[in-house]
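Written out below as structure tokens is the structure these notes cover.
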Amino acid sequence: MASDAKTSKDAKAAAEQAEPEEKPADDRLLVIPSTLTVRQLAELVGASPVEVIKDLMKNGVMAAINQVIDYETATIVAHNMGFQTQEETAAEEAPERAVIEEEDPSLLKPRAAVVTIMGHVDHGKTKLLDAIRKTDVAAGEVGGITQHIGAYQVEVHGQHITFIDTPGHEAFTAMRARGAQVTDIAVLVIAADDGVMPQTVEAIDHSKAAGVPIVVAINKMDLEDANPDRVKQQLSEHGLIIEEWGGDVICVPVSAKTQEGLEDLLEHILLVAEVQELKANSQRAAVGTVIEAELDSTRGPMATMLVQAGTLQVGDVIVADEIYGKVKAMFNERGKRLKAAGPSTPVKVMGLSAVPHAGDAVIVVKNEQLARSLVTERQRQTAAASVRPLRAMTLESLYGEISAGKIKELNIVLKADVQGTLDAVRTALERLSEEQVRVNIVHAATGIITESDVMLALASKGIVIGFNSRPDTGASRQAETEGVDIRFYDVIYNLIEDVTKAMQGMLEPVYVEVVEGHTEVRQVFRVRGGRIAGCYVRDGVVSRGASARVLRQDEPIHTSRVASLRRFQEDVKEVQAGYECGVGIEGFQDFQEEDVIELYSQQRKS
């Protein structure tokens with residue numbers, strides 16, 4: 001946020017002093033939201049963004065054109081330009097996804113279970129679903145591998161089951177990370193000849209992290225080298241103990257090819273669903289989640305969504321995150337037009353203004369005016385969040401979260417270079433559990449840190465620890481975007497010490513380097529004390545006392561601080577971009593033209 005506490009107080013004082021005795025004319029009254037960008041403020045006051053930025057600078061606030069400022073800071077500018085201000089009240093809130101809990105239990109009716117099919121690639125997930133649906137979806141997939149998410153509803157003994165066929169657990173977890181808890185049961189498909197594979201382990205861990213009951217389907221039982229007992233043994237090694245071995249995990253041998261065991265699998269899914277007592281109110285305004293979306297060349301944006309509560313009808317105005325529209329038409333998975341869709345029903349919806357994201361919450365609102373207002377407010381919140389990113393969890397924030405009673409366990413996604421190291425580190429971390437907080441290894445595997453690991457940490461509100469393991473480019477980018485904390489270690493003692501200190505609230509904060517600006521050396525001047533650089537400030541700001549490094553052909557040749565800063569023979573505290581100045585660097589005089597002085601600061605990593 002561009003303003004600090006002092007600025008906010010000044011703004012309040014300015015607002016009080018400027019309060020007129022009589023009600024101002026409507027054309028001089030501005031209704032300003034709680035947060036907005038400098039550009040939006042300029043549009044409101046009818047001035048250029050440059051004028052607004054200058055006014056902010058006069059009041060000690062440095063803000064760029066797209067930077068978000070708060071209401072009180074905006075009030076200073078508005079008052080200076082002759083306006084009175086009023087803070088915009090929040091628009092009437094439409095129901096969010098969290099409001100799927102019903103107020104009146106008498107309105108709750110049984111609904112179909114939503115089942116996600118997961119497992120290792122080529123273990124027969126889609127072919128198993130084909131056999132259940134008695135269709136041939138897999139034949140249309142490139143190379144027989146699922147290319148997109150599909151949602152389908154089938155009828156079994158008069159009861160319905162909704163199946164979600166995903167391209168992998170990553171999509172399942174990505175949706176959960178966005179708050180979309182759409183799955184009631186996870187069916188884990190494992191090939192009887194192949195056994196538990198790396199992706200199978202990830203699917204197990206992702207299902208456990210979501211708290212979803214798991215039903216195991218051992219597929220390809222028709223093959224000669226099928227070995228279901230080996231699969232059961234491997235499952236036990238990963239914490240899944242099947243019922244016949246005294247556990248609580250249902251395990252059904254099946255064959256998608258011969259349809260052996262399919263009836264048994266469906267009956268067990270219905271049994272698990274019955275135990276969960278899944279219910280929803282079909283009479284309320286619809287609430288759902290986007291499963292997949294695409295831009296159809298003839299129909300425009302099309303979103304496959306799962307209705308979770310209420311009944312969605314043609315003509316309803318819906319909002320999906322920052323996108324809204326009116327339902328023009330709905331289709332089921334076979335392309336049949338529908339007029340209404342109740343709880344647990346997957347439908348393809350036409351009428352949105354743009355293509356939403358998988359995992360977006362979908363709600364029905366009263367009218368398009370409310371939809372626009374809600375979308376505008378969400379866009380403002382997104383802009384504000386981009387300036388002040390919220391981190392999922394860090395070791396530094398752990399103790400505060402524990403003390404506040406917000407968390408009782410530290411979720412860790414652990415990656416190491418070799419299996420022996422992985423086992424040793426995992427055991428050492430699990431031993432750190434204590435009364436206040438438990439260390440929970442959500443997922444542990446060998447290899448590099450991937451985007452899937454980052455998304456699992458985000459969804460679990462945990463951190464990623466790499467022991468002799470680094471992230472790939474995609475994972476690094478994802479972690480930066482989502483604010484997931486990734487820690488790297490090569491000494492087990494350091495890892496244990498950091499986690500222990502974090503749990504006890506003693507971990508030293510991590511500081512990151514933030515570049516404040518660049519100045520380019522145009523001339524070199526001799527002065528009584530030696531030599532100073534005549535510079536042009538290319539971007540940012542140069543401040544006296546700031547940390548600085550001298551770059552020559554992009555290579556650092558000296559690092560210290562700005563010892564002196566002059567403009568027109570006068571000492572100044574700082575110089576903004578676009579101006580010239582004289583810079584003296586502590587302990588360095590060997591300036592050359594075209595050198596660049598980079599200014600930076602160390603800021604605590606939040």
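It should be emphasised that the depicted structure is a prediction, and the values quoted were computed from it without experimental measurement. The analysis underlying the following values was restricted to heavy atoms, covering all of them including side chains, and did not include hydrogens, waters or symmetry mates.
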Is the charged tip of R378 near the ring of Y324: under 6.0 Å from the six-membered ring centre and within 45° of its axis?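 Not flagged: R378 not positioned over aromatic ring of Y324.
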Do [X] and [Y] have side chains that get closer than 4.5 Å, going by heavy atoms?
X	Y	value
L29	Q86	yes
V314	R337	no
Q308	T289	yes
H357	I323	no
L370	V317	no
L262	L128	yes
L235	I204	yes

Using the side chain to side chain contact (heavy atoms under 4.5 Å, CB included) rule, take L374 and I363 through it: C-alpha gap first, then chi angles, then the decisive distance, then the call. CA-CA 11 Å; L374 189 58; I363 55 176; 3.7 Å; yes
Take a 6.0 Å sphere around CD of E274 and say whether it holds more than 12 heavy atoms from other residues, nucleotides or ligands. no
Exceeds 12 heavy-atom contacts within 6.0 angstrom, atom CD of Q369: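 At most 12 heavy atoms, drawn from other residues, nucleotides or ligands, come within 6.0 Å of this atom.
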Spacing of [atom1] belonging to [X] relative to [atom2] belonging to [Y], to within rounding of 0.5 Å:
X	Y	atom1	atom2	answer
K328	L352	NZ	CG	10.0 Å
L458	N411	CG	CG	12.0 Å
R111	N281	CZ	CG	12.5 Å

Could you pull out the closest heavy-atom pair between V254 and A217, with the gap in Å?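 For V254 versus A217, the nearest heavy atoms are CG2-CB, 4.2 Å.
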For I448, does its backbone N or O pair with a side-chain atom of K415 as donor and acceptor, under 3.5 Å?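 Yes; judged by distance alone, with no hydrogens or angles, the pair exists.
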Taking G447's backbone N and O only, do any of them form a donor-acceptor pair with S469's side chain (distance below 3.5 Å, no angle check)?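 Yes; at least one donor-acceptor contact below 3.5 Å.
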Which is it for L312 and I318 under the side chain to side chain contact (heavy atoms under 4.5 Å, CB included) test, yes or no, and what are the steps along the way? CA-CA 9 Å; L312 184 67; I318 58 176; 3.8 Å; yes
For I412, run the side chain to side chain contact (heavy atoms under 4.5 Å, CB included) check against N440, V442, V439 and tell me which one passes.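 By the side chain to side chain contact (heavy atoms under 4.5 Å, CB included) criterion, I412 pairs with just one of N440, V442, V439: V439.
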Test side chain to side chain contact (heavy atoms under 4.5 Å, CB included) applied to L240 and K208, step by step: CA-CA 10 Å; L240 290 185; K208 282 182 178 178; 4.0 Å; yes
From CA spacing to verdict: salt bridge (Lys or Arg N to Asp or Glu O under 4.0 Å), D296, K348: CA-CA 12 Å; D296 189 288; K348 206 159 193 173; over 6 Å; no
Step-by-step side chain to side chain contact (heavy atoms under 4.5 Å, CB included) determination, E480 to R477: CA-CA 5 Å; E480 182 68 28; R477 188 165 50 244; 5.8 Å; no
